[in-house]
Structure formats: structure tokens, C-alpha cells
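Numbered from 1 within each chain, the chains take letters A, B, ... in sequence-line order. Excluded from the calculations below are hydrogen atoms, water molecules and symmetry mates; all remaining heavy atoms, backbone and side chain alike, are included.
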2 protein chains.
Amino acid sequence: MSSEKNPLSPRIDKTGNIDILIAAAECFMEQGYHATSIDDVARRLGATKGRIYHYYRSKTELFFDVHREGMRRNFEAVTPVMKGPEPAARRLSAMFRQHALSMMENLALEAVVVQGVEMHRFGATTPEQRRTLAELMTVRNDFESLFKRVAYEGVEDGSIRTSDVSVAVKVALGAINWLSIWYRPRPAETRDDREILADKIVDSIMQGLNAPD
Amino acid sequence: MSSEKNPLSPRIDKTGNIDILIAAAECFMEQGYHATSIDDVARRLGATKGRIYHYYRSKTELFFDVHREGMRRNFEAVTPVMKGPEPAARRLSAMFRQHALSMMENLALEAVVVQGVEMHRFGATTPEQRRTLAELMTVRNDFESLFKRVAYEGVEDGSIRTSDVSVAVKVALGAINWLSIWYRPRPAETRDDREILADKIVDSIMQGLNAPD
DNA sequence: ACGCTCACATACTACTTGGTATGTTTTTTG
DNA sequence: CAAAAAACATACCAAGTAGTATGTGAGCGT
């Protein structure tokens, strides 16, 4: 099974150039895609353009691979908890929780994913880039569909109540993705701290703000 | 009362250059701030750079004024419904609803507000720009504080339940702001359609996803 | 030890773009 | 109605940047 076939695997292959993806993600997060020059990324790597263009044919391709790696980690975090014997509401909670944690622990990558969604109107010049962009959007929709499916199960098994599954899922994912805007790890933060925050977020999403009668 | 004193009023004054703000907002929404050239904005206006630089000394100032106008409309939408005799939970609902509607009806401006500030967090060059940026962040915080204050009232009067007011408000506002990513008006959309969507969103935020026992 | 390939660094170019300096036309004002 | 100012348009430049072409040293198979 070559990694070429799987649209979720960036071609980091055997080479350890994941460093490039991380450095690029950090730059993109801090300054945005267009404000980041290839030299900026290279400087953060302690290298020069040569290294980056050795692995990526263009800045756009670099961005795409950062996006791919971010989405890959999203799936990696969520899929293990989406199936099971529990009622769908509990599984959905767990998925939200995992996604929130993944958001915090891969902040730079996920910030690029979030930012990349806005760039839907990207100046996708070449036909190949357009196809790649469409592919990324498909992956994004598939990710959202994971949540929708479990939410529908919840409506059927009675553990979930909502006026509109699609809207409710968009609301919940929006709330979590919004982490990339306001969340920044504090200096001596632990895994526990992040789990506490994730639990609060999931609680807000699942229980809402209205006090029970 | 000169509009110079009020940090929320862009200096659109008597001149009708609100057109410039709208055109800029639309460009920024579609391509992002850095990918948008002044010529792009001018082209959308059916004009040239000269017109824009006649009113704005730099691209950064233009961005700032777009942001100001977006925030001004946010306050305008929310403040009328935040006070009253009803329990805080109802007022908070109304605020969320108004904010969601404002989001949809000023999509371009609000998209810039949402995606804008964090892109500039690191790039503010001149001291004056840094001060303006700090001012905008203050306005942003003030807006969030509006919601927090009413949410606290709700905790005290018993109409709201949450494990953490600050997090709950960020979750709710994130959900609404996320509209700027996925919401696009359909061709023959009416005000009613938008109100229905807003109600669904508010319902998700206030009631959560868990079915009542 | 020799060639060959990989993994970069260096040097350079073509093009974009923010900003300016300077016209030109319309509106306002005295 | 003349003159001044406002409201633009035109022409231009300096700076930054994506991408390329080429150099170079280290490893590696033979």
C-alpha cells in the first residue's frame, strides 16, 4: 500500500521533511499564507530556499501538504472513538473532545487548515492545483460527515435532540475550530489543563446554556 | 460630537466612500488581505488607485477602517436587545440571534473582522499602526464582554447553567462567527430564511445536543 | 577510489505591488 | 465668474518575492 494512493498521507515518505511542514505551518499561522515568504519558512528551519524547493515544486504545493497533514491528524484523533456500543450522544461527545484536543496539540497545522478553508476562493491557477484544492475540500466534507453520521444515529436512538442536524454539527465544529483563533498554550501547560478545557467545551456544546427547568 | 472622538465610527463622515469599505471587504473576504492588491479593490469599484489613496494613506489603514465598520455594525445589532426585564438567558439568546443575523447580512465586513486581526498580530510595523491595532483588539474584547456580562447575570438569576462562563461565551461566539466560513446567501434568499437559520443556531447554542432525560 | 545521486546552498531574474508624484476635471466658495 | 480646493486618474518607482539555474559537499554502491 503505497502512500501515493492515500489522499490523506502527505508525501513525507521516508524523508524526515515533516520539519518543513511544521515550520511552514507556524509561519502560516503567525503571518498568514500570503504574508509568509519561502525565505521566512527557510529561516525558521535554519536553512535556505534550496531545501524547500528540493521537496516542493511551489509554495502552493507546500500549503497543500500542510493542509493534508493537518486533516490527517484530525481523522487520526476522531476515528478511534466514533464507533462502539454506547449511545451515539456519548460517542459524539468523545469525537468533539478528541477534535478539540487535536486542535490544541497541533495548533499550527490546524490553524492552517482553518485558514485554508477561507481560502476556498484561492487563486488556484493551474488545473492541477484546482484538482488538488477540490480534493482537499472533499476531505474536509468527509470529516464533517463523520460527525453528521453519528449525530443522525443519535437522533434515531433518541440520545440527541436538535432542530437541524447539519446546522447543529456546523455550530459545534465552528465552536471547536474557533480554538485556533483564541487558544494559545500557556507556558507551563499540561495535558490535564487541555483536557479540562476540552471537557468544558464539550459540555457547552452538548448541554447548551439554558438552565434545566 | 465629532466622529473623530468615537473609535467605533470609521471616518466615512460626509463623504460617501463607504463604497470603498464594501469593495475592500469583498476583496478581503474572497482573497484574503495580503492577496488583495489595491488595484483589485479599485477595479471592483470601477476606479483606480488614486481614489483609494485619496481617502486612505495606506492599505493597512483601509483594513483598519473596514474592521471598524464591521465592529460598529456588530454593536449596533446587539446592544438594543441586551437590556430589559426578561431573564438573562432570553436576552442572551436575543443577542446571539442578532449577532448571527448581522453576520449574514454584513457578510463581507464580518468576514474581514473574523479573519483579519490575527493576521496583523505580528505584522504591525509603525508605532501608530500598533496603537490602532491595540484599539481594535480592545473593541473586540468589549464586544465579547457584552455577552459575558449578560451570561453572568444569567448564572446569578438561575436562567443559565455552565461550567465556565468565559469558555461558554467563546464557544457560542465561535459557532456564530464560523458562519463567515460556511454561510453564503442563496440566490433568492429572504429575510425569513435567515431568521430561520439564526433560530436554529441559537437553539443549538442554548439547548445543546443532548436529549433531555 | 571513482562516479553518481541526494540534499541542500548560492546567485540571479522576472514580475508583482504598495506607495508617490503629478496631472486633470469637477465642485465649492468668495 | 474666478480661484481655490476637492476628487479623482495617470505614470512611475523602489522593494520584496516566487521560482530557476547552478554550484557543492557528503554519502554510497561498486
Side-chain angles (χ1 to χ4, degrees), chain A residues 10-25 27-28 30-66 112 116 119 122-130 132-133, chain B residues 3 10-25 27-28 30-66 112 116 119-120 122-130 132-133:
Chain A
R11 51 177 95 72
I12 46 178
D13 305 64
K14 56 219 167 224
T15 78
N17 61 10
I18 182 79
D19 295 342
I20 298 181
L21 291 183
I22 301 293
C27 289
F28 293 163
E30 290 174 9
Q31 318 175 24
Y33 171 79
H34 287 284
T36 300
S37 72
I38 296 288
D39 286 315
D40 288 337
V41 179
R43 204 173 306 128
R44 183 171 291 242
L45 277 169
T48 67
K49 285 165 102 131
R51 177 160 172 202
I52 294 170
Y53 278 102
H54 179 67
Y55 293 99
Y56 296 97
R57 280 182 298 178
S58 71
K59 188 182 173 186
T60 310
E61 272 199 8
L62 174 58
F63 173 85
F64 286 156
D65 248 24
V66 172
V112 174
M119 296 292 182
F122 217 87
T125 43
T126 81
E128 191 199 340
Q129 286 179 358
R130 281 202 171 278
T132 307
L133 190 58
Chain B
S3 69
R11 52 177 96 72
I12 48 180
D13 304 61
K14 56 222 169 220
T15 78
N17 62 9
I18 183 78
D19 295 341
I20 299 181
L21 291 184
I22 302 293
C27 288
F28 293 163
E30 289 174 9
Q31 318 175 24
Y33 171 78
H34 287 285
T36 299
S37 73
I38 297 287
D39 287 314
D40 288 338
V41 179
R43 203 172 308 129
R44 183 170 293 243
L45 275 168
T48 66
K49 286 164 97 139
R51 177 160 173 203
I52 293 170
Y53 277 103
H54 179 68
Y55 293 99
Y56 297 96
R57 280 181 299 178
S58 71
K59 188 182 173 186
T60 311
E61 271 198 9
L62 174 59
F63 172 85
F64 285 156
D65 248 22
V66 172
V112 173
M119 282 179 80
H120 274 70
F122 296 84
T125 43
T126 82
E128 191 199 341
Q129 285 179 359
R130 282 202 173 278
T132 307
L133 189 58

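Atom-to-atom distance recorded for B/Ile20:CD1 and B/Asp65:CG is 10.0 Å, nearest 0.5 angstrom. Distance OG1/A/Thr60 to CG/A/Leu133: 10.0 Å, rounded to 0.5 Å. Atom CG of B/Asp39 is separated from atom OG1 of B/Thr48 by 8.5 Å, given to the nearest 0.5 angstrom.
Taking atom CZ on B/Arg43 and atom C1' on D/dT10, their separation rounds to 16 Å, with Å as the unit. The nearest whole Å value for the distance from the CZ atom in A/Arg51 to the C1' atom in C/dC8 is 8 Å. Regarding A/Asn17, its CG atom lies at a distance of 15 Å from the P atom of C/dC6, rounded to whole Å. Rounded to an integer number of Å, the gap from CZ of B/Phe63 to C1' of C/dG18 is 17 Å. Taking atom CG on A/Leu45 and atom P on C/dA7, their separation rounds to 15 Å, with Å as the unit. B/His54 has its NE2 atom 13 Å from the P atom of D/dA5, to the nearest Å.
Here the side chains of B/Tyr56 and B/Leu21 are in contact, with some heavy-atom distance below 4.5 Å. With contacts defined as side-chain heavy-atom distances shorter than 4.5 Å, the pair A/Arg51/A/Asp19 qualifies. Within the 4.5 Å cutoff, the side chain of A/Tyr53 has heavy atoms near those of the A/Ile38 side chain. With a 4.5 Å cut-off on side-chain heavy atoms, A/Arg44 and A/Glu30 count as touching.
Figure legend: cation-pi geometry between A/Lys59 and A/Tyr33, with NZ or CZ positioned under 6.0 Å from the six-membered ring centre and within 45° of its axis.
Between the A/Thr36 side chain and the A/Cys27 main chain, a donor and an acceptor come within less than 3.5 Å of each other.
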Close N or O pairs between protein and nucleotides 16-24 of chain D (under 3.5 Å):
unit_1 : atom_1 : unit_2  : atom_2 : d
D/dA18 : OP1    : A/Thr36 : O      : 3.3
D/dA18 : OP1    : A/Lys59 : NZ     : 3.0
D/dA18 : OP2    : A/Ile38 : N      : 3.0
D/dA18 : N7     : A/Lys49 : NZ     : 3.1
D/dG19 : OP2    : A/Tyr53 : OH     : 3.2
D/dG19 : OP2    : A/Lys59 : N      : 2.9
D/dG19 : N7     : A/Lys49 : NZ     : 3.3
D/dG19 : O6     : A/Lys49 : NZ     : 2.8

Which atoms of nucleotides 22-27 of chain C (N or O only) lie under 3.5 Å from a protein N or O atom, and what are those distances?
none

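With C/dT10, C/dC6, D/dA7 as the candidates, the nucleotide lying closest to the side chain of A/Thr48 is C/dT10.
Taking 4.0 angstrom as the limit, B/Tyr56 places none of its side-chain polar atoms (N or O) nearer than this to OP1 or OP2 of C/dG19.
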